[in-house]
Amino acid sequence: MGSADTTAVVWFRRDLRVRDQPTFLAAKERADRALALFVLDPTLLEPAGPRRTAFLFRCLRALDEDLGGKLLVVKGDPEDVVPRIAQAVGADSVHVAADFGPYGRQRDEAVEKALGSTGDGVELVRSGSPYLTEPGTITKSDGDPYKVFTPFSREWTKRIQDAEPADTDAKTLTWMDPSDKDGGPRAVKVPDDPKVDAELPEAGEQAAHEQWEAFVDEHLTDYDDTRDRPDKPGTSRMSVHLKYGTVHPRTLLAGARGNGKGATSYRNELCFRDFYGHVLWWFPRSARENFDPKFEKIELDTGKAAEQKFRQWQEGRTGFPAIDAAMRQLQGEAWMHNRMRMAVASFLVKDLHLPWWWGAKHFMELLVDGDLASNQHGWQWAAGTGTDAAPYFRVFNPVTQGERFDPQGDYVRRWVPELADVEGKKVHQPWKLPDPPSGYPEPMVDHKAERVEALNRFNAL
DNA sequence: CATTTCTTGAG
DNA sequence: TCAAGAAAT
């Protein structure tokens with residue numbers, strides 16, 4: 001085992017981003033012994049169903065294969081595992097490259113303290129975050145956090161000018177051999193995937209890069225136009241790879257440079273991801289509670305009838321074809337087009353008057369790309385309780401959203417087999433057909449009436 | 001629609 | 001610090 005002058009590097013992460021982190025490479029240069037990877041159970045911090053667990057395991061297996069079967073996976077809390085890794089490697093000092101994520105100052109400090117107090121030559125090397133800008137580092141001139149996207153994005157745009165592309169050429173890492181251990185933490189074999197009832201995307205760094213290059217080649221130029229079309233494959237599908245760190249946003253930024261409309265629009269989406277990471281860092285409570293506390297008093301539906309409505313929404317039986325198509329896409333594909341995420345969220349909150357966190361939890365459980373910062377704040381935006389300062393109430397019309405963004409009705413027919421024989425955009429209002437298809441439900445609410453109801457509840461605050 | 005956030009510039 | 005005016009993705 002190790003000698004007294006041995007140094008090891010431990011990569012402390014919740015996900016797998018390894019090769020494109022400059023701080024990781026810098027730390028690696030200081031090590032003469034071994035590198036280990038351990039993965040925290042992501043469900044510690046974020047609700048996740050079997051879909052994300054299965055995807056994580058697939059990411060691990062892809063990485064293990066890439067590294068010639070020398071991946072060490074250790075599960076557990078950093079406070080507990082880090083000292084034992086030092087022991088296992090036989091190192092007299094360990095550099096822990098820790099990524100702190102968007103979970104807030106308190107959690108950052110707790111992790112820092114726990115790792116620092118392990119002593120015995122454990123040194124914390126603060127790594128880059130999974131964002132283009134470190135959560136918490138963009139503030140107004142008086143040091144207060146931004147609560148509105150646009151001024152944040154102006155600051156952000158200045159900040160990313162000189163961001164380096166990700167370094168992906170780091171395949172020569174030395175990995176700790178799982179058999180090379182002595183009373184330390186036991187390497188865990190990646191367990192079998194839990195049973196999954198959806199088709200998941202290909203996992204791993206290679207899959208991420210192939211998908212990204214195909215998107216840049218085929219869709220980036222027109223991204224501005226096609227990103228809102230759920231019937232077309234015009235989005236990058238990078239969310240799941242960003243979530244698991246098999247690609248870093250720096251790589252995406254490097255591919256989306258220039259003044260083209262598509263690239264500019266794509267960078268705006270990357271900015272939104274950073275923005276919500278910052279918002280969660282500054283306001284960790286906003287993952288569970290209304291960002292704006294005045295909404296604590298808004299009237300919400302509860303009880304048996306509300307739960308029944310919620311189930312109809314979950315199962316895609318609302319009677320609004322675009323909404324139902326989207327909810328069934330979520331069930332079938334573990335993913336939903338972003339345009340439709342906004343539409344179904346608006347429907348749950350404004351048409352059904354249900355708590356946004358019911359829908360947010362459902363998303364976190366079924367989305368393979370479910371991410372606490374983006375998901376919860378996206379829902380708060382839709383609910384009007386979040387960082388959007390506009391006072392007038394945005395209520396999406398579930399029919400016109402469908403007609404506008406799925407103009408030929410292809411998306412609806414793909415996911416709602418009961419309507420497969422209805423041609424063209426008529427599919428968005430099957431109740432108007434002379435002979436409505438049997439088996440497809442009537443609209444569960446009168447949108448006009450519920451819109452007024454939502455506005456009344458809002459104005460009562 | 002009508003209200004909150006942010007920037008600017010004066011005190 | 002405060003008030004006015006612009007903007008809100």
Side-chain angles (χ1 to χ4, degrees), chain A residues 131-133 136-160 222-230 234-236 239 249 253 256 259-283 285-286 289-298 336-346 349-350 356 371 373-397 400-401 404-405 447-461:
Chain A
Y131 294 93
L132 289 163
T133 54
T137 61
I138 292 186
T139 62
K140 296 187 286 182
S141 46
D142 61 4
D144 285 346
Y146 284 101
K147 297 176 175 179
V148 168
F149 173 73
T150 308
F152 173 90
S153 78
R154 274 193 277 272
E155 244 351 269
W156 183 88
T157 304
K158 284 184 222 156
R159 194 79 80 78
I160 60 158
D222 301 320
Y223 182 71
D224 194 35
D225 296 323
T226 51
R227 70 195 186 89
D228 275 331
R229 290 289 295 273
T235 62
S236 72
S239 52
L253 179 64
N259 293 321
K261 271 187 151 186
T264 305
S265 179
Y266 195 84
R267 288 200 300 276
N268 201 52
E269 300 304 311
L270 290 176
C271 182
F272 251 109
R273 181 172 173 277
D274 272 31
F275 177 55
Y276 285 148
H278 278 255
V279 173
L280 183 61
W281 193 89
W282 284 105
F283 308 100
R285 290 153 53 89
S286 69
E289 298 166 22
N290 292 319
F291 178 81
D292 183 340
K294 91 174 182 202
F295 286 94
E296 278 166 34
K297 292 204 188 81
I298 202 164
M336 191 194 293
H337 191 282
N338 185 56
R339 186 85 237 162
M340 302 316 293
R341 296 188 195 197
M342 294 191 265
V344 303
S346 176
V349 172
K350 308 289 169 62
W356 63 261
D371 175 83
S374 297
N375 187 63
Q376 307 306 88
H377 296 117
W379 270 92
Q380 295 231 34
W381 180 86
T385 60
T387 43
D388 180 8
Y392 41 88
F393 230 42
R394 184 192 290 274
V395 180
F396 284 165
N397 182 315
T400 37
Q401 285 289 306
R404 175 128 59 107
F405 299 115
H447 172 67
K448 258 192 189 156
E450 301 307 339
R451 178 180 171 279
V452 171
E453 173 67 14
L455 288 166
N456 287 340
R457 293 189 188 196
F458 177 75
N459 287 327
L461 290 178

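Nothing here was measured: the structure is a model prediction, and the numbers come from that model. Naming convention: chains lettered A, B, ... in sequence-line order (proteins, then strands); numbering from 1 in each chain.
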**Study point:** Partner residues of A:T235 under the side-chain hydrogen bond (donor to acceptor under 3.5 Å, both in side chains) criterion, sequence neighbours left out
**Key:** none
Check your understanding: Just how far, in rounded Å, is P of C:dT9 from NZ of A:K147?
Key -> 14 Å
Practice item. Not counting sequence neighbours, which residues clear side-chain hydrogen bond (donor to acceptor under 3.5 Å, both in side chains) with A:N268? List them please. Key: none
Check your understanding: Under 4.0 Å: is that the gap between some side-chain N or O of A:T150 and OP1 or OP2 of C:dT9?
Key -> yes
**Study point:** Euclidean distance, atom CH2 of residue A:W156 to atom C1' of C:dT9 [Å, nearest integer]
**Key:** 14 Å
Practice item. Give the intermediate values and the outcome of side-chain contact (heavy atoms from CB on, under 4.5 Å) for residues A:N397 and A:H447. Key: CA-CA 7 Å; A:N397 182 315; A:H447 172 67; 3.7 Å; yes
Point to revise | Aromatic A:Y146 / basic A:R154 pairing, under 6.0 angstrom, 45° off normal | key: no
**Study point:** Between P of C:dA8 and CZ of A:F272, the distance in whole Å
**Key:** 11 Å
Revision key, fill the gap. Rounded to whole Å, CG of A:N459 lies from C1' of B:dA2 at a distance of 10 Å
Study note, to complete from the structure: Here the helical stems involving DNA chain C, each at least 3 consecutive Watson-Crick or G-U pairs closer than 3.5 Å, sorted by first residue number, are B:3-10 with C:1-8
Practice item. Give the rounded distance in Å between these two atoms: CG of A:D274 and C1' of C:dT9. Key: 16 Å
Practice item. Take atom CZ of A:F458 and atom C1' of B:dT3, then tell me their distance rounded to the nearest Å. Key: 9 Å
Exercise for review: Not counting sequence neighbours, which residues clear side-chain hydrogen bond (donor to acceptor under 3.5 Å, both in side chains) with A:K448? List them please.
Suggested key: none
Point to revise | Results of side-chain hydrogen bond (donor to acceptor under 3.5 Å, both in side chains) for A:T157 - residues two or more places apart only | key: none
**Study point:** Set of residues satisfying side-chain contact (heavy atoms from CB on, under 4.5 Å) with respect to A:S265, sequence neighbours excluded
**Key:** A:Y223, A:D224, A:R227
Practice item. Identify, with sequence neighbours excluded, every residue that meets side-chain contact (heavy atoms from CB on, under 4.5 Å) alongside A:A382. Key: A:A345
What's touching nucleotides 7-11 of chain B from the protein side, N or O pairs under 3.5 Å?
from: B:dT7; atom 1: OP1; to: A:Y146; atom 2: OH; distance (Å): 3.1

**Study point:** Rounded interatomic separation in angstrom, taking CG from A:D292 and C1' from B:dT5
**Key:** 12 Å
**Study point:** For A:D144, side-chain contact (heavy atoms from CB on, under 4.5 Å) partners two or more places apart
**Key:** A:K140, A:D142
**Study point:** Spacing of A:F149 atom CZ relative to C:dA8 atom C1', expressed in whole Å
**Key:** 12 Å
